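Model, not experiment: these values are computed from the prediction. Numbering of residues begins at 1 and proceeds along the displayed sequence.
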Amino acid sequence: MLVARELIDEVKETIVVSRYLRARIPVHQLERLVQSLIAVGEELPSLTTEAPRITRDPEDDYLIAYALAGRADYLVSYDKDLYELQHVETLRVLHPAAFLNILRNSDQV
């Protein structure tokens, strides 16, 4: 699993701002969640150039840029603008359910 500091910051902000997520991930457990993500992942260095425009939502482009820079095989997201891409170069972009099927049914990962 690849971890970008920018994505970790976005996860933290989203949990703090979202009433739905805040109710499920109490603030006192948020730092523990972040530390767990960092512990199991490989932290990527910050991007040194602007991410190229690839997605319909320019705010998602950095995710593709990080995945390509880290030579990821998969980018897994609930974001329709991302998983509708299906492929970007050698990167497969998948909905979490599709990735779960891969994990359950094959040795592709």
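- Distance CG/L7 to CG/L2: 10.5 Å, rounded to 0.5 Å.
- In this structure, S77 OG and D60 CG are separated by 7.0 Å, a value rounded to the nearest 0.5 Å.
- If you take CG on L21 and CD on E13, they are separated by 12.0 Å, rounding to the nearest 0.5 Å.
- Sorted by first and then second residue, the pairs that involve residues 46-57 and meet salt bridge (Lys or Arg N to Asp or Glu O under 4.0 Å), not counting sequence neighbours, are R53-D61, R56-D81, R56-E84.
- Looking only at side-chain heavy atoms (C-beta outward), L30 and K12 come within less than 4.5 Å of each other.
- V88 and Y74 sit in two unconnected hydrophobic clusters of ILVMFWY residues. Membership requires side-chain heavy atoms under 4.5 Å apart, directly or through other members.
- Within the 4.5 Å cutoff, no side-chain heavy atoms of Q29 are placed close to those of L33.
- By the ring-ring contact (aromatic ring centres under 6.0 Å, His included) test, Y20 is found to be paired with no residue, residues two or more places apart in sequence or in another chain being considered.
- The closest donor-acceptor contact from the side chain of H87 to the backbone of E89 lies at 3.5 Å or more, if one exists at all.
- By the rule that hydrophobic residues join a cluster once side-chain heavy atoms approach within less than 4.5 Å of another member, Y78 and I54 end up as members of separate clusters.
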Applying side chain to side chain contact (heavy atoms under 4.5 Å, CB included), run through L75 and L94 and close with a yes or a no. CA-CA 6 Å; L75 174 62; L94 301 172; over 6 Å; no
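- With a 4.5 Å cut-off on side-chain heavy atoms, D73 and L91 do not count as touching.
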Which pairs would a plain distance check flag for residues 35-47, meaning a side-chain donor or acceptor within less than 3.5 Å of a matching protein atom at least two apart in sequence or in another chain?
unit_1 : atom_1 : unit_2 : atom_2 : d
Q35    : NE2    : E31    : OE2    : 2.8
S36    : OG     : R32    : O      : 3.0

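- No path of Ile, Leu, Val, Met, Phe, Trp and Tyr side chains, each step under 4.5 Å between heavy atoms, connects V76 with L82, placing them in separate hydrophobic clusters.
- Between the R22 side chain and the V16 main chain, a donor and an acceptor come within less than 3.5 Å of each other.
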Trace of the side chain to side chain contact (heavy atoms under 4.5 Å, CB included) decision for V34 with V11: CA-CA 8 Å; V34 167; V11 167; 5.6 Å; no
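- Enclosure of atom CZ in R71 is not indicated, since only 12 or fewer non-hydrogen atoms of other residues, nucleotides or ligands lie within 6.0 angstrom.
- Note on Y62: it clusters hydrophobically with L85, by side-chain heavy-atom contacts below 4.5 Å among ILVMFWY residues.
- Under the 4.5 Å side-chain heavy-atom criterion for Ile, Leu, Val, Met, Phe, Trp and Tyr, M1 and L103 are members of distinct hydrophobic clusters.
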